[in-house]
Amino acid sequence: MPELPEVETIARGVNERLRGDRIVEAWFGRHPEPFKTPAARQARGLEGRVILAVHRTGKHIVCELGAADGIELSNPSLPQQAKIARREPRSRKDQPQVLRLAALAQNDNRVEHPGAEVGHPVAGLGELESEPSAQWIVHLGMTGRLLVSTPDAPVAAHTHARLSLASGRELRFVDPRRFGRLEYRELSRKDGFRAPGADPLEVTAAEFARLFSGRKLFIKAALLNQKLLSGVGNIYADESLFRAGIRPRRRSGQLTRAELEELRLAMVQVLEHAIRLGGSSVSDYVDADGARGFFQLEHCVYLRTELPCRRCQTPIRRIVVAGRGTHYCPHCQR
DNA sequence: CATGTTTCCTGACAGC
DNA sequence: TGCTGTCAGGAAACAT
């Protein structure tokens, strides 16, 4: 199940490999509607476009796309768009993609994914050769994969999209369980896509505390709510709570300010460590090259029911919270 | 609005 | 062996 570290790993991998490549042809299987955008419209929109950059927001992978060669946009309000992107940001919501991409670029220096060379940083939009005029947004759901492969590689079952590229390679979207979503949007009409909640790696202590105070729901349910934080899923909610020493059924609003800060720091450490290890391969997660991650080897509680706690040897307990399997140490977490 | 519940979907696995 | 039943789980839709 791809969460923030897995999605980040895939986005970096695709960015390193496909940046500057051109989509020559887009093929979509007819099976997996509903996409968020009808397949025919995606294909029409994607074909001919250049991939300027690929990055992550929340659990979404965003491909920034340049205009197709020799084709004028039908809705040329681009000068307007460019003006918006250069303006000083007034509020968080107004922040242009430029800043987020720049932040990603800094992050990139810390990557030590064993399965891949350290990549060149993701450029800010200002460094791109041209302004993005469209985006292809990929959500992997539970079992989605985004793979860079050669055209002659065997097509896996449940392959729902294949983008043929000018370099001769293909970008494939495979998703057996079909919880994944594909969306195409043109930027002349809407602002660039951003996940609905705060980014777990960038959220400030004050913002984090504000998000989680005054709520009655279980802290685990709050961590999973993408409208509060975007990117944390079941694995990293459990691992973050363990690291912070907080029980998953504590009420979000009952946590002290100190506990919330403890939780935020634990979450950041867990996520950054997981990114360094290329994510967790628990079911069938692989990165853009088909390589597995290694963070599952360092899980302290997730899927460790009845196994001894790594800190105190107490057997790990499994309960259900917010409809999700939830794992914790009854001794280390209070 | 806030929160809880149901639904989608298929591979894996248990039980007979 | 091979069938049936159950379950996991992200997020949208629906219910309270």
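In what follows, chains are A, B, ... by sequence order, proteins preceding strands, each numbered from 1.
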Verify the contact: side-chain N or O of His158(A) to OP1 or OP2 of dC9(B), cut-off strictly under 4.0 Å; return yes or no. no
Taking only residues two or more places apart in sequence, or in another chain, which ones meet Ser252(A) in a side-chain contact (heavy atoms from CB on, under 4.5 Å)? Phe212(A), Arg215(A), Leu217(A), Ile219(A), Ala222(A)
Relative orientation of the end axes in the helix from dA2(B)-dT16(C) to dC16(B)-dG2(C), expressed as an angle to the nearest 10° (five pairs per end): 40°
Rounded to the nearest angstrom, tell me the gap between atom NZ in Lys216(A) and atom P in dG4(B). 9 Å
Flag, side chain of Arg172(A) to backbone of Pro151(A), donor-acceptor distance under 3.5 Å: yes
May I ask you to verify if any side-chain N or O of Arg178(A) is less than 4.0 angstrom from the OP1 or OP2 atom of dC8(B)? no
Under 4.0 Å protein heavy-atom contacts per nucleotide of nucleotides 10-16 of chain C, with B for base, S for backbone only and - for none: BB-----
Salt bridge check: are Arg257(A) and Glu261(A) linked by an N-O gap of less than 4.0 Å? no
Output yes when at least one side-chain N/O atom of Arg177(A) is less than 4.0 Å from OP1 or OP2 of dG11(B), else no. no
Sugar-phosphate only, base, or nothing, as touched by Gly323(A) at under 4.0 Å among non-hydrogen atoms: nothing
If only atom types and distance count, is the side chain of Arg49(A) paired as donor or acceptor with the main-chain N or O of Gly45(A) below 3.5 Å? yes
What is the distance from CG of Leu211(A) to C1' of dC1(B), rounded to the nearest Å? 16 Å
Is the closest side-chain donor-acceptor distance between Thr143(A) and Asp175(A) under 3.5 Å? yes
Does one side chain, of His60(A) or Glu183(A), offer a donor that lies under 3.5 Å from an acceptor on the other? no
Given dA8(C), is OP1 or OP2 found less than 4.0 Å from the side-chain N or O atoms of Arg318(A)? yes
Which residues satisfy the side-chain contact (heavy atoms from CB on, under 4.5 Å) test with Arg210(A), sequence neighbours excluded? Glu207(A)
Donor-acceptor pairs under 3.5 angstrom involving side-chain atoms of residues 322-330 of chain A: please list them, not counting sequence neighbours.
from      : atom 1 : to        : atom 2 : distance (Å)
Thr326(A) : OG1    : Lys220(A) : NZ     : 3.1
Thr326(A) : OG1    : Arg324(A) : O      : 3.0
His327(A) : ND1    : Asp238(A) : OD2    : 2.8

Indicate whether OP1 or OP2 belonging to dA8(C) is found under 4.0 Å from a side-chain N or O atom of Tyr302(A). no
Mind checking what makes ring pair (Phe, Tyr, Trp, His ring centres under 6.0 Å) contact with Phe295(A), not counting sequence neighbours? Tyr236(A), His273(A), His299(A)
